[in-house]
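Structure record follows, encoded as structure tokens.
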Amino acid sequence: MEILKIILFLFIFYIIHNTVWPIPIPILGNLYQLTSGLPHRDLTKLSETYGGMYRFWFADMYTIVLSDPILIREMFVNYGDYFLDRPKLPSMRHSTHYHGIATSSGEYWVKIRDLINRAMRKTNLKLIYDSLDQQVDILINSMNLIEKEGQKFDPRLSFKKFTMAAMYKFIFNEELNFNEEISELIEPIEQVFKDLGTGSLFDVLSISRPIYYQWIEYTDKSYPKILNFLKKKYTEHLKAYNPEIQKDLLDLLIKEYGTGSDDDILTIVATINDLFLAGTDTSSASLEYMVMMLVNYPEVQEKVHNEIKLTVNGRSKVQLSDRQFTPYTVSFIKETLRYKPPSAVGVPRTASQNIMIGDKFIPKDAQIFINYYGLSRNQEYFDNPEQFDPSRFMKSESNIGYLPFSIGSRNCVGQNFALDEMYIALSNIILNFKFKSIDGEQIDETEMYGVTLRCKNRFGVSIEKRI
Ligand code: HEM
């Protein structure tokens, strides 16, 4: 009799539980509900029914999907210590074995994060800021040439080079020379981001993991290329290393971790790998989207240009100190990050223990996703969220729904640098050039899903010198 009661109770609990949250099916869980090829959009649609926090089984991985900024703050700030770690997914183990900053957890992560936080302080970044200025000159010169020769401007390639050069300076204190070796890294980096973001079924289906580990180790050609390159740079750097002076990130890492064990070397190489990848793809994808928005919304382009032109008042270059006088340009950048959040569902976290958030129970080891795309479409915080409208950020000082860099102590470590880098690149190119579509049509705004959200169709634009 007791057994029957328990079964009945469990059955009723299951029914109630699944009427408030999406219903899973055996093996696949809720994966069958990701039908459009754009998971961030499917997850956003589900939040219209199930709210800003719901449970979603990625195969047999219990996952909490968040798009409510109040709950995100509650979890990542007020209860932040319980949600600091990353889940241990095969694609994250592959190549860096949970070393470095982006995929590690626990005390190991605390130590490396502290080091990178210090390295990213503005006072420690003087070199890289000087180099940004130089990189802007290189970008403008190359665009001048493209315009003169009547070629089309390829935002993806140009911004990739720009952001790679900035990271290169920060990590190695070297100017980036686009020789064949570096150019050959662009493809593998894109591939790694695409693979990581695809959210392979095998990543989340635990029974398939042992085979999947072997499979990616055997088939992946992109990561080994990147890591070999970085290892070679590390070995060269070590030869010239002077313990008295730390000139760049690699010096700081060598000082902190030494050159002793294989594990230390893996920590160093994995960390520079994380910064190189995280620091190049996101900002360059955002700059690419900014050019798309300038082309698709010509009236916005004119407004940004006029504001910048008025501010520089005859000077040939925009500086970071001009930013405070260009609120519309700042709003344009914010709106692009809202409209096309480069990190659509972010990098997952995991719960380190059972915990209640409001009236919702989150079990230990649950995977936690912030759906940044869903968050930026949350109508409670953004009027007409499907409309691209930079002026929405002119109306009010701050909006708690705007969180493209996440929040709490594991937010984006490169946030301030990314904002500076994007402002300086965008404002200078718009001072110098007018952007137009090649065929007079709007550029297709559809995204391609990956760790970084990119536009599906790589596009070129025509540019016209302004001054
Ligand atoms: C538009 C540009 C960028 C956006 C939107 C962005 C966004 C994000 C987001 C959402 C996360 C996940 C944080 C979390 O787990 O809650 C993240 C992590 C990270 N970002 Fe960024 N990011 C950008 C640029 C950069 C740049 C330029 C760098 C390097 C200089 C960088 C380095 C990192 C690193 C290392 C992490 C992992 C941090 C950790 O696990 O402790 N990002 N970023």
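Just follow the structure's listing: the first ligand is 1, and inside any ligand the first atom is 1. Index from 1, following the sequence.
Under a 4.0 angstrom heavy-atom cut-off, Ser283 registers as being in contact with ligand 1. By the 4.0 Å heavy-atom criterion, Asp274 is excluded from the residues contacting ligand 1.
Checked by distance only, ligand 1 and Ser286 stay at 3.5 Å or farther apart across all their nitrogen or oxygen atoms. Annotation: Asn411 places no N or O atom under 3.5 Å from an N or O atom of ligand 1; distance criterion only. At least one N or O atom of Trp109 sits closer than 3.5 Å to an N or O atom of ligand 1.
Of all the heavy atoms in Phe153 and Ser158, the pair that sits closest is CE1-OG, 3.2 Å.
In this model, no donor atom of one side chain and acceptor atom of the other lie less than 3.5 Å apart for Asp263 and Tyr257. No side-chain N or O of Ser352 forms a donor-acceptor pair with one of Asp85 less than 3.5 Å apart. Between the side chains of Gln33 and Asn30, at least one donor N or O sits under 3.5 Å from an acceptor N or O. Inspection of the Asp281 and Thr452 side chains reveals an N or O donor paired with an N or O acceptor under 3.5 Å. Between the side chains of Arg121 and Asn117, no donor-acceptor pair of N or O atoms lies under 3.5 Å. For Tyr54 and Lys360, the side-chain atoms include no donor-acceptor pair closer than 3.5 Å. Looking only at atom types and distance, the side chain of Tyr328 has no donor-acceptor partner in the side chain of Ser391 under 3.5 Å away. For Thr267 and Tyr108, the side-chain atoms include at least one donor-acceptor pair closer than 3.5 Å. A donor-acceptor contact closer than 3.5 angstrom is absent between the side chains of Gln367 and Thr350.
With a 4.0 Å cut-off on non-hydrogen atoms, Phe170 does not touch ligand 1 at all. When heavy-atom distances to ligand 1 are checked against a 4.0 Å cut-off, Arg113 comes that close only through its side chain, counted from C-beta outward.
Within the set Glu421, Met120, Arg410, the minimum heavy-atom distance to atom 14 (C) of ligand 1 is found for Arg410. The heavy atom nearest to atom 10 (C) of ligand 1, considering only Phe83, Tyr372, Phe276, is found in Tyr372.
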**OP:** Decide ring pair (Phe, Tyr, Trp, His ring centres under 6.0 Å) for Phe58 and Phe369; before the verdict, give the C-alpha distance in whole Å, the side-chain angles of both, and the deciding distance to 0.1 Å.
**Re:** CA-CA 11 Å; Phe58 277 87; Phe369 271 132; 5.4 Å; yes
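Which parts of ligand 1 touch Met422 is read off a 4.0 Å heavy-atom cut-off, strictly below it: atoms 1 (C). Close approach to Met167 involves these atoms of ligand 1, each under 4.0 Å from a residue heavy atom: 30 (C). The atoms of ligand 1 that sit less than 4.0 Å from any heavy atom of Ala102 are 40 (O). The Pro404 neighbourhood of ligand 1 comprises atoms 5 (C), 7 (C), 10 (C), with distances under 4.0 Å to a heavy atom of that residue.
The nearest protein atom to atom 5 (C) of ligand 1, hydrogens excluded, is given as Pro342 CG, 3.5 Å; this is a heavy-atom distance. Shortest contact from atom 12 (C) of ligand 1 to any protein heavy atom: Val347 CG2, 4.0 Å. Residue, atom and distance of the protein heavy atom nearest to atom 15 (O) of ligand 1 are Arg86 NH1, 2.8 Å.
For the pair Arg41 and Tyr373, the cation does not sit on the ring face, since its NZ or CZ is not both under 6.0 Å from the ring centre and inside 45° of the axis.
In summary, Lys456 and Glu447 do not engage in a salt bridge, as defined by a charged side-chain N under 4.0 Å from a carboxylate O. Contact check on Lys169 versus Asp248 returns no salt bridge, with no Lys/Arg side-chain nitrogen under 4.0 Å from an Asp/Glu carboxylate oxygen.
Below the 2.8 Å limit, atom 21 (Fe) of ligand 1 has as protein N, O or S neighbours Cys412 SG.
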